[in-house]
Amino acid sequence: MTVTESRIRFPDEFLFGGATAANQYEGGWNLEGKGPSIQDLMSHGILKGPDEKVNPANLKLDGVDGFHRFQEDIALMAEMGFQVYRFSVAWSRIFPTGMEEMPNEAGLAYYDQVIDACLSHNIEPLITISHYETPVGLSKQLDGFRSRETIDHYVRFARTLMERWKGKVRWWITFNEINALWNFPLMGAGIWTPKEQLSLADLYQTAHHEMVAAARVVQMAREIDSENKVGCMILGMANYARTCNPADEMAAMKEDERGLLFADVMMRGHYPAYALQRMKQEGITLATQPDDYETLKHTHDFLSFSYYMSKTIAHDPENYQSSAGNLVTGTTNPYLKSSQWGWQIDPTGLRWLLNKYWNRYEKPLFIVENGLGAVDEYCPDKDAAWTVNDQYRIDYLNDHLVQVWKAMHMDGVPVLGYTSWGCIDLISASSAEMKKRYGFVYVNRNQDGTGDMSRSRKKSFFWYRDVIASRGAVLKP
Ligand code: BGP
């Protein structure tokens with residue numbers, strides 16, 4: 001049998017699972033001592049600016065009630081055979097303004113239960129320390145990571161979690177999609193000052209603070225427990241040149257540099273030449289402390305990323321139709337179909353990206369977000385166990401997982417695992433919608449906020465269960 005003919009079989013140590021984020025899943029935005037996070041002020045989603053004060057119409061305030069229903073949800077994950085569950089800890093549940101010296105015990109006690117529920121089902125927790133949910137206090141008073149002071153607050157937050165769950169949690173991610181800073185400084189780095197008022201120097205300085213903070217956490221994680229594995233996490237994007245015109249190739253390469261600066265520093269431990277050159281040309285001098293560059297040498301153990309789509313880059317984008325996309329956009333690719341939200345679906349792009357990251361960093365990779373946001377029709381069938389016939393989601397996930405397998409098996413790329421995004425329906429990040437669903441589990445909550453939040457299994461629930469149980473053998477190449 002040749003390599004290409006082998007049957008799909010993911011190794012036993014490959015972790016299958018799913019992912020959520022506190023601000024999109026939990027709700028309970030002001031319960032048991034939790035302070036407001038910037039997401040509690042984003043009723044229109046992250047593509048629009050924040051509200052002045054909490055708007056009751058913000059669907060994230062109640063999320064999908066994970067705060068009260070996590071036991072049931074984790075049991076459903078166990079039924080699918082999850083080996084890993086990626087979730088974030090709401091920073092303002094632990095430190096209500098982000099700046100307290102002592103943590104909120106009730107917040108920690110909540111996550112004790114979440115973690116214990118995972119472990120009781122043999123599911124490994126994978127914690128995102130910061131997922132677009134900076135406490136409002138930190139954001140308004142310090143402008144988030146624009147201020148160097150925020151590094152210490154973040155490290156204290158991370159230390160609290162790592163010490164509390166030593167021996168229980170060994171997988172950590174420092175920041176969700178840390179490279180979102182360039183386009184969304186509020187969400188990516190908690191900067192309250194409007195983007196239009198920020199200079200390029202402000203953004204580089206903020207990036208530096210975030211990277212130093214992350215490197216300090218890596219160093220600390222190893223001191224606390226040698227079993228800890230800490231991942232850098234970026235918004236993963238396959239940037240293709242729109243044509244083979246060298247000018248387009250050059251534009252695509254430059255776009256890559258923008259998206260990869262964080263990973264370049266956090267995985268390799270130093271600033272790449274292109275970034276130093278850019279800062280020199282722009283007259284930017286970073287404000288640093290003497291040991292910053294030594295600190296940055298504490299590189300992450302693995303690179304994790306989200307992957308939903310690819311995009312094409314042209315040197316003259318005005319001559320093409322622009323594409324919609326996950327926070328960053330390019331021009332359309334005529335070879336690809338799109339989701340209902342206009343994100344271009346490209347399973348091969350995932351294999352391409354896995355190869356690219358492995359070749360660039362030579363460290364293990366973890367796909368921590370991937371999935372199809374779609375409008376689901378709740379339509380229970382009396383002869384079937386599911387309430388939503390989401391064959392389109394099964395097709396999407398099947399095709400992406402096949403490419404992961406190819407990257408591992410045919411290209412030799414080490415991949416640690418795969419956590420499908422929004423494994424339980426939740427509120428979307430970019431547009432704060434309920435109707436954009438990703439889950440294997442349907443949540444009875446409507447776009448207008450009505451619904452009893454009850455859970456039911458979609459067709460994809462049973463499909464994913466079979467994928468995991470067969471280690472991928474049921475996938476259709
Ligand atoms: C990523 C975020 C997630 C998630 C996902 C899907 O950028 O890390 O939080 O929401 O995108 O995006 P959306 O919810 O807008 O469909």
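Counting convention: from 1, in listed order, for ligands and their atoms alike. For reference, positions follow the sequence shown, starting with 1.
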Quick check on contacts: which atoms of ligand 1 are under 4.0 angstrom from a heavy atom of Gln24? 3 (C), 9 (O), 10 (O), 14 (O)
Is it the case that ligand 1 has an N or O less than 3.5 angstrom from some N or O of Ala21? no
Lys436: numbered ligand 1 atoms lying under 4.0 Å from its heavy atoms: 13 (P), 15 (O), 16 (O)
Show the atoms of ligand 1 that are less than 4.0 angstrom away from any heavy atom in Trp343. 12 (O), 16 (O)
Element-labelled atoms of ligand 1 that are located less than 4.0 Å from some non-hydrogen atom of Glu177: 1 (C), 2 (C), 7 (O), 8 (O)
Salt-bridged, Arg351 to Asp411, with N to O below 4.0 Å? yes
Any Leu235 heavy atom less than 4.0 Å from ligand 1: no
Would you please name every residue forming a ring-ring contact (aromatic ring centres under 6.0 Å, His included) with His300, sequence neighbours left out? none
Quick check on Glu79: does its CD atom have over 12 non-hydrogen neighbours (other residues, nucleotides or ligands) under 6.0 Å away? yes
Which residue, Glu177, Arg86, Glu133, forms the side-chain hydrogen bond (donor to acceptor under 3.5 Å, both in side chains) with Thr128? Arg86
Over-ring placement of Arg93 relative to Tyr110, 6.0 Å and 45° cut-offs: yes
Between Tyr307 and Phe305 (judged by ring centroids, cut-off 6.0 Å), do the two rings come close enough to count as a pair? no
Under 4.0 Å from a heavy atom of Tyr438: which atoms of ligand 1 are those, numbered in the order shown and with their elements? 6 (C), 12 (O), 13 (P), 16 (O)
Check each atom of ligand 1 against the heavy atoms of Ser428 and keep those under 4.0 Å away; list them by number with element. 13 (P), 14 (O)
